[in-house]
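What follows is a short report on a single structure.
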Amino acid sequence: MTWTWDDAKVVAHDFETSGTLPEYALQPWRKGVGDFWATSMSVIRHNGAKLEPHGSRLFPQAEHMRTFLEQAIAEDWTVVGWNIVFDISVLCAYGLADLCHQVKWLDGMLLWRHLEVEPEYEFQGAAHKKKSYRLKPGGVERWLPMMAGYNEDVDFHATDEESLAKLQLYNDKDSVCTWIIAKQIWHSLTPQQQACALIEAQSLSMIAETNYLGLPIDGIACSELAARLARTADEKLAILAPHGVTETIIRSPLKLAALLFDDWGLPVLKENTSKKTGKVSRSTDKEVLHELALQDGRCRDLRAYRECLNNRTKFAEGPAVSAAYCGDSRSHPAAIPFGTYSGRLTYGSKQGKAGTKSERPTGFALHQEKRDKEFRRVVTAPPGYTLMEFDASGQEFRWMAIASGDETMLELCLPGEDPHSFMGARVTMQEYHELTNKVQEGDPLAKDARQLGKVANLSLQYRTSARKLRVVARVQYDIPMELPEAQRIHRTYANTYRGVPVYWGRQIALTRRMGYVETLAGRRVQVVGNWDGEWGWSMGSTAINYRIQGTGADQKYLAMAVIKPYLTRIGAKFAWDLHDGVYLWVPDAKVQQAAVDIKFLLDNLPYRQAWGITPPIPLPWDCKAASTWGDLKEWHYT
DNA sequence: CTCCCTTGCGCC
DNA sequence: AAAGGGCGCAAGGGAG
């Protein structure tokens, strides 16, 4: 990276916004029908001596914004803001997305996260207070205490001249603070952290545009799904009602426990103890219901009934309700870059205070959407576009292979190998290549063996216990595993990938010494605290996990940055993210070519140039395409 | 009614 | 003693 902070070329930018209802101020997609607008725009430049407004104004129009963006591009400015994804989505609402993709952006809030993000530990009910990265109160008090307090007495929905003048002044002060704070933080970052922040910054305009555009929701698919789930729920209830089950009971863990353990007389298999109140409750979670179902078939129906009700609200009604609320038959889950401490994106689907009247259903739980076709079909591509997904094949397995240096893992990442069959063969004591052959022939027993290997590979990478493996196998995969077998698989894993437990120990020792963990790209998280205290285990897990998961996040930002110019050229758009997968809307006529070109770009990401390392194994991406999320099919390259 | 806590659970 | 990690959302329930 050759970018350096140049006072003359960094400008700060910020909007204040409003709407026909106060909450519409945060919903730029309502601009089209006149329910949202920018009340003031701030652009702050350094003139060599001091920071001053340059293009700040009340009620800015698209032409004013265009002038600003064109100058930013022509003069190679870097535009810095605080949570600037929002401000970019405002610009998108004014029809300026194409210019936004050409501007260099930077975000002070994200720089702060790079400087000192920390995990939030929770242990038996007690939790850290979540660190805030707000500009104020927060950043200003921390970095610019002499400026603190300017935010008193501001009316964001002002209409009279005096209040509007105040608002503009406030808007400019925000920008000034952002500029000064961002500069300080920038210079506190290591060169590697700076490089990561710059790569990530290149994705901000894509994230902003998709937040503005939203996801097209198929209302009919939603109602069909809701109806199907309602039917199944009714069927289950019909079976269970004679035994005293009602919807109120199934929705209440307390009431359900009374039914199961008092009325039906079933044994209590698991208890929850609140460390805050010390209260003990009898668990009714799906592990418990799975185990109880082995002695009382009604518990299988209970589990199915509860699942139906939950899924209907969350996945059938949720997308439809938000699309109706948003008014454009699109749902607007808000993508939040660096939303997790490990760097991955998170999504928010509500605005306003949760659980209160101010709560607004702007999106749905995109990251939790069930994998079944009939659920994922509710999300479609806009007319004229095809949905394409590119996902990093075996992402965490591959980064673990690289981070640990385990030779077996590394070999299994070479072309033609199948790690799950390999582990399945070890666990079932077969020969690896015999098993892969049988798997390819479709032999069901061989497939089961591979499945077992997959469970082991996916579950045991991060210090999962044999007990937990047993539960995962039984509840999630319906494999009737007992503890001795789980222990044997657990040992087999450690003997197969000997480098992995060594990596665990090495990471913990290194992190204890340094006080932080790094991804392979050099992005950091602070890990400080008492390693022998109640959070010690979690701190160790951060040391192990962050390097893998965080590197995956870096890889995704790098992927987005690399494909961005290509997407712009063919008129494709970033749609959403699922951690190891990037979802795109590609014009129908470009799909064929994009499948080839984008895969080539992704399979050849410039890791060395970007991060200074050369991965010792290939890091391939898989491609899928369809007109809805639920119908995605593997792309066949000829 | 709001606020806060707890339980349970979806995905990667 | 034992303990994968990372999230966000729905819902119940108690306090005030």
Side-chain angles (χ1 to χ4, degrees), chain A residues 119-127 130 247-257 270-277 279 281-289 303 306-307 309-315 317-318 322 333-334 336 339-350 353-359 361 363-372 375-376 391-392 394-396 400 458-469 471-472 475-476 490 493 500 504 517 525 534-550 552-553 556 577-581:
Chain A
E120 294 125 28
Y121 294 125
E122 195 170 336
F123 183 78
Q124 298 182 339
K130 194 167 178 163
E247 182 170 334
T248 313
I249 289 176
I250 196 79
R251 285 190 186 279
S252 162
L254 210 58
K255 294 190 173 87
L256 182 58
K270 197 162 83 171
E271 287 183 327
N272 301 311
T273 310
S274 164
K275 272 300 180 291
K276 208 151 260 179
T277 61
K279 261 173 49 182
S281 59
R282 300 170 293 181
S283 176
T284 63
D285 71 10
K286 72 180 190 181
E287 178 197 347
V288 168
L289 292 185
R303 187 180 158 195
R306 185 169 63 189
E307 225 174 80
L309 293 178
N310 290 346
N311 290 344
R312 191 182 63 192
T313 316
K314 200 165 182 176
F315 300 117
E317 294 171 358
S322 60
I336 303 160
T340 70
Y341 83 79
S342 58
R344 307 209 290 199
L345 274 91
T346 56
Y347 280 87
S349 52
K350 297 257 185 283
K353 205 161 170 57
T356 70
K357 277 200 156 178
S358 69
E359 187 180 276
F364 67 102
L366 177 66
H367 264 179
Q368 294 149 265
E369 188 68 31
K370 280 184 70 73
R371 300 195 57 161
D372 310 31
F375 283 85
R376 294 198 165 183
D391 74 285
Q395 191 188 52
E396 293 199 14
M400 179 57 98
L458 295 182
S459 296
L460 298 177
Q461 187 152 301
Y462 307 108
R463 298 201 299 181
T464 306
S465 65
R467 274 187 47 190
K468 180 74 176 169
L469 174 66
V471 171
V472 170
V475 180
Q476 284 178 30
H490 196 264
Y493 182 91
V500 172
W504 297 341
V517 202
V525 62
E534 57 180 5
W535 286 320
W537 176 268
S538 295
M539 290 163 68
S541 293
T542 298
I544 290 163
N545 185 279
Y546 174 82
R547 185 154 172 92
I548 308 300
Q549 202 177 84
K556 259 261 307 300
D577 146 282
L578 217 55
H579 303 321
D580 62 349

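Every chain is numbered from 1 and lettered A, B, ... according to where its sequence line falls, protein lines coming before strand lines. As the structure is a computational prediction, the values presented were derived from the model and not from experiment.
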Task: Verdict with reasoning, A/Glu396 to A/Arg344, per salt bridge (charged side-chain N to carboxylate O under 4.0 Å, His left out) - done: CA-CA 13 Å; A/Glu396 293 199 14; A/Arg344 307 209 290 199; 3.7 Å; yes

Task: N/O donor-acceptor pair under 3.5 Å between A/Arg376 side chain and A/Lys370 backbone - done: yes

Taking the side chain as every heavy atom from C-beta outward, state whether [X] and [Y] have any pair of such atoms under 4.5 Å apart.
X        : Y        : value
A/Phe315 : A/Asn310 : no
A/Arg282 : A/Val288 : no
A/Tyr546 : A/Tyr341 : yes

Can you check the [X] [atom1] to [N] [atom2] distance for me, whole Å?
X        : N      : atom1 : atom2 : value
A/Glu287 : B/dT7  : CD    : P     : 15 Å
A/Gln549 : C/dC7  : CD    : P     : 8 Å
A/Tyr341 : C/dG8  : OH    : P     : 13 Å
A/Arg312 : B/dC9  : CZ    : C1'   : 17 Å
A/Trp535 : C/dG5  : CH2   : C1'   : 17 Å
A/Glu307 : B/dC11 : CD    : C1'   : 14 Å
A/Arg282 : B/dT7  : CZ    : P     : 14 Å
A/Asp372 : B/dG10 : CG    : P     : 11 Å

- [ ] Remember a base hit wins even if backbone is also touched, and classify A/Arg376 as base, sugar-phosphate or nothing at under 4.0 Å, heavy atoms.
- [x] sugar-phosphate

- [ ] Produce a footprint string for nucleotides 9-16 of chain C: one letter per nucleotide, 5' end first; B if the base is under 4.0 Å from any protein heavy atom, S if only the sugar-phosphate is, - if neither.
- [x] BSSSS---

Open item on the list: Please determine whether a side-chain nitrogen of the Lys or Arg among A/Lys353 and A/Glu359 lies less than 4.0 Å from a carboxylate oxygen of the Asp or Glu.
Closed with: no

Task: Paired nucleotide for C/dA3 [Watson-Crick or G-U wobble; both distances under 3.5 Å] - done: none

- [ ] Using both distances under 3.5 Å as the test, list the Watson-Crick or G-U wobble partner of B/dG8, or none.
- [x] C/dC9

Look at [X] and [N] and indicate whether a side-chain polar atom (N or O) is within less than 4.0 Å of OP1 or OP2.
X        : N      : answer
A/Ser281 : B/dT7  : yes
A/Thr284 : B/dG8  : yes
A/Asn272 : B/dG8  : yes
A/Ser342 : C/dG5  : no
A/Thr346 : C/dG8  : yes
A/Ser283 : B/dG8  : yes
A/Arg371 : B/dC12 : yes

For [X] and [Y], which heavy atoms make the closest approach, and how far apart are they?
X        : Y        : answer
A/His579 : A/Leu345 : CE1-O, 3.5 Å
A/Leu469 : A/Leu460 : CD2-CD1, 4.1 Å
A/Gly343 : A/Ala553 : C-CB, 3.7 Å

- [ ] Kindly compute the distance separating OG1 (A/Thr284) from CD1 (A/Ile249), expressed to the nearest 0.5 Å.
- [x] 12.0 Å

- [ ] Would you give the length of the straight line joining atom CG of A/Asn311 to atom CZ of A/Phe375, rounded to the nearest 0.5 angstrom?
- [x] 4.5 Å

TODO: When you get a sec, tell me which of C/dG6, B/dG10, C/dA3 is the closest nucleotide to the side chain of A/Pro119?
DONE: C/dG6

- [ ] Between B/dT7, C/dC7, C/dG5, spot the one nearest the side chain of A/Asn545, thanks.
- [x] C/dG5

TODO: May I ask you to verify whether the side chain of A/Arg344 and the base of B/dC12 hold a donor-acceptor pair under 3.5 Å?
DONE: yes

Check nucleotides 2-4 of chain B for protein N or O atoms closer than 3.5 Å to its own N or O atoms and list the pairs.
unit_1, atom_1, unit_2, atom_2, d
B/dT2, OP1, A/Lys357, N, 3.3

